[in-house]
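Structure first, commentary second.
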Amino acid sequence: MPKLSIVLPVYNVSAYLKQSLECLIHQTLKDIEIICVDDGSSDDSVDIIKTFIDRDSRVKLLMNKHSYAGGARNAGLDISQSDYIMFLDPDDYYETDMCEVLYNKILKDKTDITICGIYELFPKSIKYTPPSSIRKINNLFNNKIFSIDDIGDDIWFFLVYPYNKIYKKSFLTKNNIRFQTIQNTNDASFAFESLIAADKISLLNKAYYYYRRLRPNNIRLTKGNSLECVIQAYEYAYNRCKNYPNFSKVELGFKSVIIINLAWHLHTYCSNYDIKHENFYNYIKALLNKEFLNNSVLMQKLKKSNFCQYCISNLVLQNDYKNFTKKLNKKNLIKIVLRNSKYILKFLFIPIYSHYCNFNKEKYFILGIPVYVEKIIDNKIKKYILGIKISESSL
């Protein structure tokens, strides 16, 4: 029996498939099986897989009825023979030692999941994206073992991808954790449910996975045509996660991350008025009215974790869809979309109070005098009052 199974859902990716398979057959961990699940490709993806089968007996091909990436991953998971599972999208690739590093890590730590960061590949640049969007988590829990009891609401802010993680197969089977068979966002429930179900999780604040962010035909580029899948995914994830006994401890955190994601989809795919997006907008507005408007705790969680989407959410509450797009595209709101904003309270054109916020710091001014400044430099938080440093602590 191989030590590790890697599942690739394959659908018309012949331009990238060779590189993905090459990175797998040259992994430093040799005792693996590579399960390619074809989901009804019409290009020469299957022929490429067959050439690799001839080269390497560890490569397998499963022909699957078209059920999107979620269904293909489920099919590969079902026939896998190893105790540990990883996933690779066939237009991406691993570092040559990714399998060995993550396998040894999960074995040593005896965890259900081990998570790492990724490199996002853009046409002219590479960006490191850490495992969690909560900055302090990546440093505090690097090379440590934790669970939802240790991390609380921050558990929901890890990358919602299956491919930067290694899973213990018996853990997935025991909890019946599966991918949804919908056109997009089919990995959201799988990611969220695995995080709340896990007794132990370990973290590596280092990237081993290369993700092609803007490749042609990437599902992200056409997601705006099927936003109903996004709604289905998050409703399904909520209904699955709420069955776990410890969900009540982190339910507000889950709701805040769902609002963040819905708001992100809204201003990414619906910033220009299009009647076909009206239902998606109205769904989000109704959800905000129900969960967000009169819940000050949830509002503060959202404001603290993602100031941009907090502003977008308030904009939704105050407008219908057509007015939302008009205001969103005004010059003074571009900064909000870029997570860089400044609010000023004036009396007779004299600035009384201002608040500036971006990724790294917040500043508050009263009558032009800086009252409080927080800066994050070299993984340290430095706090100032009236320009005088009062404290410094590591993240």
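Basis for what follows: all heavy atoms, side chains included, without hydrogens, waters or symmetry-related copies. One is the number of the first residue; the rest follow in order along the sequence.
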Between Thr114 and Ser202, does a side chain to side chain donor-acceptor pair (under 3.5 Å) hold up when you go through it step by step? CA-CA 5 Å; Thr114 293; Ser202 53; 2.6 Å; yes
If you look at every heavy atom in [X] and [Y], which pair is closest and at what distance?
X	Y	result
Val7	Ala72	CG1-O, 4.4 Å
Asn164	Gly117	CB-O, 4.4 Å
Tyr281	Leu315	OH-O, 4.3 Å
Leu4	Cys99	CD2-CB, 3.7 Å
Pro131	Ile115	CB-CG2, 3.9 Å
Ile48	Lys18	CG2-CG, 3.8 Å

Establish whether [X] and [Y] are linked, either directly or via other cluster members, by ILVMFWY side-chain heavy-atom contacts under 4.5 Å.
X	Y	answer
Ile145	Ile113	no
Met86	Leu107	yes
Val59	Met1	no
Val160	Leu227	yes

Might you work through the salt bridge (Lys or Arg N to Asp or Glu O under 4.0 Å) test for Lys249 and Asp149, ending with a clear yes or no? CA-CA 9 Å; Lys249 301 177 186 176; Asp149 293 327; 3.2 Å; yes
Please identify which of these residues, Tyr244, Phe157, Trp156, meets the ring pair (Phe, Tyr, Trp, His ring centres under 6.0 Å) condition with Phe254. Trp156
Donor-acceptor pair, side chain of [X] and main chain of [Y], under 3.5 angstrom:
X	Y	value
Lys285	Tyr321	no
Asn239	Glu235	yes
His277	Cys270	no
Asn323	Asn319	no
Asn104	Glu100	yes

Within this structure, what is the [atom1]-[atom2] distance for the pair [X] and [Y], rounded to the nearest 0.5 Å?
X	Y	atom1	atom2	result
Asp38	Leu61	CG	CG	6.5 Å
Asp43	Asn12	CG	CG	4.0 Å
Met98	Ile118	CE	CD1	9.5 Å

Under the criterion side chain to side chain donor-acceptor pair (under 3.5 Å), which of Gln232, Arg73, Gln180 is the partner of Asn186? Arg73
Evaluate the criterion side chain to side chain donor-acceptor pair (under 3.5 Å) for residue pair Tyr269 and Asp274; output intermediate values, then yes/no. CA-CA 10 Å; Tyr269 298 105; Asp274 189 330; over 6 Å; no
Run Asp109 and Lys105 through salt bridge (Lys or Arg N to Asp or Glu O under 4.0 Å) and show every step you take. CA-CA 6 Å; Asp109 294 341; Lys105 179 72 174 169; 3.2 Å; yes
Look at [X] together with [Y] and state whether they make a salt bridge at an N to O cut-off of under 4.0 Å.
X	Y	result
Glu33	Lys60	yes
Lys301	Asp153	yes
Arg55	Glu22	yes
Lys322	Asp320	no
Lys110	Asp199	no

Kindly state whether the ring of Tyr93 and the ring of Tyr210 have centres lying under 6.0 angstrom apart. yes
Could you tell me whether Tyr208 and Tyr94 have their ring centroids closer than 6.0 angstrom? no
Would you call the rings of [X] and [Y] parallel, tilted or perpendicular, where under 30° means parallel and over 60° means perpendicular?
X	Y	value
Tyr163	Tyr209	parallel
Tyr234	Phe192	tilted
Phe190	Phe179	parallel

Is it the case that [X] and [Y] place a side-chain donor and acceptor less than 3.5 Å from each other?
X	Y	answer
Tyr128	Asn205	yes
Asp54	Thr51	no
Tyr273	Glu278	yes
Ser226	Asn184	yes
Asn176	Thr173	no

Side chain to side chain donor-acceptor pair (under 3.5 Å) for Tyr103 and Gln27? Distances and angles first, verdict last. CA-CA 12 Å; Tyr103 176 78; Gln27 285 291 306; over 6 Å; no
Is it the case that more than 12 heavy atoms not belonging to Lys276 sit under 6.0 Å from its NZ atom? yes
Determine whether more than 12 heavy atoms belonging to other residues, nucleotides or ligands lie under 6.0 Å from atom NZ of Lys174. no
Side-chain contact, heavy-atom cut-off 4.5 Å: Ile155 with Ile201? yes
Stepwise, does the salt bridge (Lys or Arg N to Asp or Glu O under 4.0 Å) test hold for Asp78 with Arg178? CA-CA 10 Å; Asp78 289 340; Arg178 309 280 286 177; 2.6 Å; yes
I would like to know whether Lys169 and Ser80 meet side chain to side chain donor-acceptor pair (under 3.5 Å); could you show each step before the answer? CA-CA 9 Å; Lys169 184 179 178 181; Ser80 61; 3.0 Å; yes
Result for side chain to side chain contact (heavy atoms under 4.5 Å, CB included) between Arg58 and one of Leu24, Ile32, Ile6 points to Ile32
Contacts of Glu291 that satisfy side-chain hydrogen bond (donor to acceptor under 3.5 Å, both in side chains) - sequence neighbours left out: Lys255
